[in-house]
Number of protein chains: 2
Amino acid sequence: MTKTAPNFEEILREGGYKATPGRVLLLKTLFGEEKPVTVSYLEKKLKSAIDKVTLYRALDSMVVSGVVREVDFRHGHAHYELQILRKHHHHIVCTNCALVEDVDCNTEPFVKQVEKKSKKFDLISDHSTEFFGLCKNCTKV
Amino acid sequence: MTKTAPNFEEILREGGYKATPGRVLLLKTLFGEEKPVTVSYLEKKLKSAIDKVTLYRALDSMVVSGVVREVDFRHGHAHYELQILRKHHHHIVCTNCALVEDVDCNTEPFVKQVEKKSKKFDLISDHSTEFFGLCKNCTKV
DNA sequence: ATTACAAACGCAATTGTGTTGCATTTACAA
DNA sequence: TTGTAAATGCAACACAATTGCGTTTGTAAT
């Protein structure tokens with residue numbers, strides 16, 4: 001499962017960011033993760049390379065521009081994943097063991113319908129959908 | 001717009017909780033709110049009646065049993081609303097002014113489909129869906 | 001190459017959010 | 001009335017996230 005690493009310097013510059021070593025490394029790290037990760041995980045993994053504050057600031061600004069996506073697994077803190085280079089998708093989270101499975105997003109028709117029905121909004125630009133349940137392994141018990 | 005207050009004592013007992021004054025007051029307060037509120041809002045509003053810790057513990061346990069619902073508006077902290085006595089629904093949140101509009105939940109077919117397709121989960125017990133966009137007022141600007 | 005400057009950075013301190021431990025009180029069923 | 005588990009309040013703690021500010025650095029224009 002080897003993917004060719006994209007040119008993150010270029011991606012950053014195109015997004016209006018400076019291609020600093022820290023940000024490049026952050027994107028590389030996120031690219032290598034299978035599932036959304038927490039800030040504290042990144043903090044430990046990148047400790048010698050990026051200061052905590054820089055990490056928060058980088059994540060925040062990249063969430064705004066859509067390079068990175070923030071998801072809520074109901075764990076009391078945010079998880080982050082790379083948004084670019086992959087299809088919009090959602091997650092199923094096990095409420096017992098925190099296992100995460102990706103789910104293709106097929107809600108576009110529903111989103112359009114919501115947009116039409118809404119009285120206070122003309123345009124829905126984004127949505128979050130997370131599913132929760134017990135995974136097969138945790139159901140056994 | 002006067003609603004008859006439900007019997008929260010009874011609701012609590014049915015849910016397996018003790019009907020303590022604090023919890024009754026908490027449910028009454030949530031019942032009176034139009035939109036999901038933050039813990040710090042509740043903390044201020046109920047300061048003299050419930051300690052912060054009790055508030056957190058009450059909310060947590062009632063989220064587990066489904067009396068109260070926790071939602072994520074991407075504001076960096078949880079919002080809570082009463083789940084019982086109303087239909088399952090979702091929200092559209094303005095990314096500029098934080099205006100919230102309720103949306104009926106019509107995703108059940110989609111949920112079933114996700115459940116069927118999933119390799120690692122047999123049963124999806126719950127889901128969160130929040131929509132984001134600019135409200136009509138903020139679009140003008 | 002050099003320079004100029006906004007963007008990004010690191011550190012320290014601080015705020016905010018949520019939790020733990022423990023002794024005390026209370027709702028409620030027996 | 002009483003026994004008991006549930007719930008409470010307080011203090012202290014742990015973790016998550018932010019602010020202020022002086023310094024460094026990537027990049028575009030010279």
Side-chain angles (χ1 to χ4, degrees), chain A residues 7-30 36-65 67-81 98, chain B residues 7-30 36-65 67-81 98:
Chain A
N7 187 337
F8 289 118
E9 279 89 351
E10 205 172 299
I11 288 170
L12 282 166
R13 289 198 198 96
E14 276 167 12
Y17 302 108
K18 284 191 191 175
T20 62
R23 283 173 185 225
V24 172
L25 188 60
L26 170 57
L27 290 186
K28 264 184 195 159
T29 305
L30 287 175
V37 295
T38 63
V39 178
S40 78
Y41 171 85
L42 292 168
E43 230 178 300
K44 278 164 208 147
K45 191 146 192 178
L46 305 175
K47 193 175 338 205
S48 53
I50 315 181
D51 182 77
K52 176 183 67 162
V53 176
T54 306
L55 182 56
Y56 273 104
R57 290 197 270 231
L59 286 171
D60 280 356
S61 79
M62 296 206 236
V63 163
V64 170
S65 73
V67 174
V68 169
R69 189 165 182 85
E70 187 179 340
V71 297
D72 176 32
F73 289 165
R74 296 185 182 167
H75 291 169
H77 47 250
H79 288 242
Y80 295 90
E81 67 181 347
Chain B
N7 187 338
F8 290 116
E9 279 87 352
E10 205 171 301
I11 288 170
L12 281 167
R13 289 196 198 97
E14 277 168 10
Y17 304 107
K18 284 190 191 178
T20 61
R23 285 174 183 223
V24 172
L25 187 60
L26 171 57
L27 290 185
K28 265 185 194 157
T29 305
L30 287 175
V37 294
T38 63
V39 177
S40 78
Y41 171 85
L42 292 168
E43 230 179 298
K44 277 164 207 145
K45 191 146 191 180
L46 305 174
K47 195 175 338 208
S48 54
I50 316 182
D51 181 77
K52 177 183 67 159
V53 176
T54 306
L55 181 56
Y56 273 104
R57 289 198 271 230
L59 285 171
D60 280 354
S61 80
M62 294 205 239
V63 163
V64 171
S65 74
V67 173
V68 169
R69 188 165 183 85
E70 186 180 341
V71 296
D72 176 33
F73 289 165
R74 296 186 182 168
H75 291 169
H77 47 249
H79 288 242
Y80 295 90
E81 67 182 348

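A note on names: the letters A, B, ... follow the listed sequences, proteins ahead of strands, and every chain is numbered from 1.
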In residues 13-20 of chain B, what residues come within less than 4.0 Å of DNA chain D, judged by heavy atoms? Y17(B), K18(B), T20(B)
Under 4.0 Å from any heavy atom of chain B: name the first and the last nucleotide of DNA chain C that qualifies, 5' to 3'. dT17(C) to dC28(C)
From L26(A) CG over to K28(A) NZ, what is the distance, rounded to the nearest 0.5 angstrom? 12.0 Å
Pairs under 3.5 angstrom only: tabulate donor-acceptor contacts from the side chains of residues 9-19 of chain A to other protein residues two or more places apart or in another chain.
from   : atom 1 : to     : atom 2 : distance (Å)
E10(A) : OE1    : N7(A)  : ND2    : 3.3
Y17(A) : OH     : S61(A) : O      : 2.7
Y17(A) : OH     : S65(A) : OG     : 2.6

Does L25(A) reach the side chain of T29(A), with side-chain heavy atoms less than 4.5 Å apart? yes
Using a 4.0 Å heavy-atom cut-off to protein, can you give one letter per nucleotide of nucleotides 16-22 of chain D, 5' to 3': B if the base is in contact, S if only the sugar-phosphate is, - if neither? SBBBB--
Value in whole Å for how far the P atom of dG9(D) lies from NZ of K47(B): 15 Å
Partners passing salt bridge (charged side-chain N to carboxylate O under 4.0 Å, His left out) against R74(A) (at least two apart in sequence or in another chain): D126(B)
Show the nearest heavy-atom pair for residues A58(A) and R23(A), with the distance to one decimal. CA-NH2, 3.8 Å
Could you pull out all residues at least two apart from Y80(B) that satisfy ring pair (Phe, Tyr, Trp, His ring centres under 6.0 Å)? none
Let me know the distance between CZ of R23(B) and P of dA6(D), rounded to the nearest Å. 11 Å
Side-chain donor-acceptor pairs under 3.5 Å in residues 36-55 of chain B, sequence neighbours left out?
from   : atom 1 : to     : atom 2 : distance (Å)
T38(B) : OG1    : S40(B) : OG     : 3.4
T38(B) : OG1    : Y41(B) : N      : 3.1
Y41(B) : OH     : E33(B) : OE1    : 3.4
Y41(B) : OH     : E33(B) : OE2    : 2.7
Y41(B) : OH     : K45(B) : NZ     : 3.2
K45(B) : NZ     : E33(B) : OE2    : 3.3
D51(B) : OD2    : V53(B) : N      : 2.9

Determine the stems involving DNA chain D; a stem requires 3 or more consecutive pairs of the Watson-Crick or G-U wobble kind, each with both distances below 3.5 Å, and the answer is none if no such run exists. C:1-30 with D:1-30
Sorted by chain and residue number, the salt bridge (charged side-chain N to carboxylate O under 4.0 Å, His left out) partners of E81(A) (sequence neighbours excluded) come out as R86(A)
